[in-house]
Amino acid sequence: MNLALLGDDPTIWPLLMAVSRSNVHRLTVAALPGRLATDLSARLPQVRQTDRWDQLLVDGSIEAVIVAGRSDAALEAARRLASEGKPLLLWPHGGETAFAYELSLVRDDAKAPLVPLFPLRFDPAISALKDRIVAGELGRILHFQWERRIAAEPSLSVPLLRPEDMEEQLAGDADILRALGGNYDRVTALRTGVVDDRASSATVTLSGDNLPEATWQLSAVAAPSATTGSPAASAQWTLTVVGTTGRASLTSDDSRIDFDKLFRMEAPEAKAVGGGWGDLLRVCETVDAARRSLKRRRTIDLHFETASERSQFKTQMTAIGCGVLFLTLLLVGAVMLVGSAFDVPPAVMRIARVVAFAPLFVFLALQLLIVVARPSSA
């Protein structure tokens with residue numbers, strides 16, 4: 001499969017290196033590479049780089065596009081590519097919930113293949129751990145503890161996390177914690193060792209009624225003195241599961257992951273193991289809640305909603321309605337002002353009043369369109 005990369009998320013490096021070693025898949029183009037540009041030139045010089053993402057639309061040799069970025073340009077490019085029917089493989093990279101729901105609508109309209117890439121779901125060790133939990137080998141699960149470490153930027157004298165590091169790293173891990181622990185609906189996040197907009201560590205706690213609490217911690221460690229790769233490529237993690245009759249631990253090992261399955265877009269076994277579009281939406285909402293928790297300094301309750309054209313219609317019409325009411329108020333005020341300041345014929349005033357209220361009447365009539373907003377199949 002000929003692949004293209006869209007975006008510059010540094011956590012994508014394990015997948016890129018796996019593709020470079022594959023005899024089946026080939027990365028040919030990197031659009032909007034940003035932070036990855038220098039490393040791509042050094043480590044994958046055969047990959048053509050471009051800032052013109054629209055070239056991906058006309059290149060017929062590209063069979064699928066890996067979306068791994070969160071910039072406005074990358075997200076807009078992904079929307080356009082999906083609307084044109086280009087298959088997209090979405091790497092979890094944060095909490096752009098609105099973007100994910102927009103793609104849900106695009107998928108329904110354009111029937112574009114959109115497949116989430118959760119690499120850790122293809123780690124056989126994690127699958128085996130889930131089987132042990134389901135079989136009750138560890139008893140009732142009491143707690144999940146996930147510790148992840150990433151190398152800080154080499155230019156920093158003290159290892160510190162960037163604001164976006166938590167979101168980029170949490171996305172894929174939150175999917176696994178939800179798969180193992182359940183449908184968490186409360187998120188609490190905090191940072192320690194804060195210096196300006198950076199921190200030495202970040203902690204996210206996931207909880208829910210009758211669910212084992214899950215604690216996820218990200219910390220920065222000193223970058224190696226000599227490195228040729230992205231700091232994100234040095235990320236390591238440890239997952240510990242504590243039960244009433246035992247405990248189990250796993251450590252990261254990218255060599256365990258069967259990346260080939262990630263590209264079997266129509267394979268039933270890949271869909272079963274890799275999660276569906278709804279899982280991506282839940283991950284985006286979880287990461288978005290962690291971001292809001294940091295900002296508001298409190299626990300955020302999640303109220304998951306099914307993505308649908310109906311819910312999108314309601315949201316859009318609510319926003320439009322506020323504008324229509326404000327416009328109506330201005331028009332009515334203008335009519336009253338003109339009527340009191342000038343000698344306007346009664347017939348003209350009657351027409352002016354109708355025109356002033358016309359936008360409101362049209363808006364109310366449009367509410368009937370909700371009956372044709374069909375639910376999404378996501």
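Here the structure is a predicted model, which is why all the values come from computation and not from measurement.
Annotation: salt bridge (charged side-chain N to carboxylate O under 4.0 Å, His left out) contacts of D209 (sequence neighbours excluded): R186. For the salt bridge (charged side-chain N to carboxylate O under 4.0 Å, His left out) test, residues two or more places apart in sequence or in another chain that qualify with E164 are R162. Partners of D253 by salt bridge (charged side-chain N to carboxylate O under 4.0 Å, His left out), not counting sequence neighbours: none found.
Open room surrounds CG on D196; 12 or fewer heavy atoms of other groups in view lie less than 6.0 Å from it.
With rounding to the nearest 0.5 Å, the separation of CD in E213 from CG in L177 is 11.5 Å. Of the inter-residue distances, the one linking L6 atom CG with T50 atom OG1 reads 11.0 Å to the nearest 0.5 angstrom. Separating the CG atom in L218 from the OG atom in S200 is a distance of 10.0 Å, to the nearest 0.5 Å.
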Let me check something: any side-chain donor-acceptor pairs from residues 326-341 under 3.5 Å, sequence neighbours excluded? List them with distances.
| residue | atom | partner | partner atom | Å |
| --- | --- | --- | --- | --- |
| T328 | OG1 | V324 | O | 2.9 |
| S340 | OG | M336 | O | 3.1 |
| S340 | OG | L337 | O | 3.0 |

Donor-acceptor contacts, no H, no angles, side chain residues 345-355, under 3.5 Å, sequence neighbours left out:
none

Under 3.5 Å, sequence neighbours excluded: what are the donor-acceptor pairs made by side chains of residues 71-82?
| residue | atom | partner | partner atom | Å |
| --- | --- | --- | --- | --- |
| S71 | OG | A74 | N | 3.2 |
| E76 | OE1 | R79 | NH1 | 3.2 |
| R79 | NE | E102 | OE1 | 2.5 |
| R79 | NH2 | E102 | OE1 | 3.4 |

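Side-chain atoms of T97 and E285 form no donor-acceptor pair, as typed in the model, at a separation below 3.5 Å. Defined by atom type and a distance below 3.5 Å, a donor-acceptor pair is present between the side-chain atoms of Q55 and R48. Looking only at atom types and distance, the side chain of T188 has no donor-acceptor partner in the side chain of S293 under 3.5 Å away. Donor-acceptor pairing under 3.5 Å is lacking for the side chains of W216 and T203.
Evaluated for a side chain to side chain contact (heavy atoms under 4.5 Å, CB included) with W146, the options T240, I176, L206 yield exactly one hit, I176.
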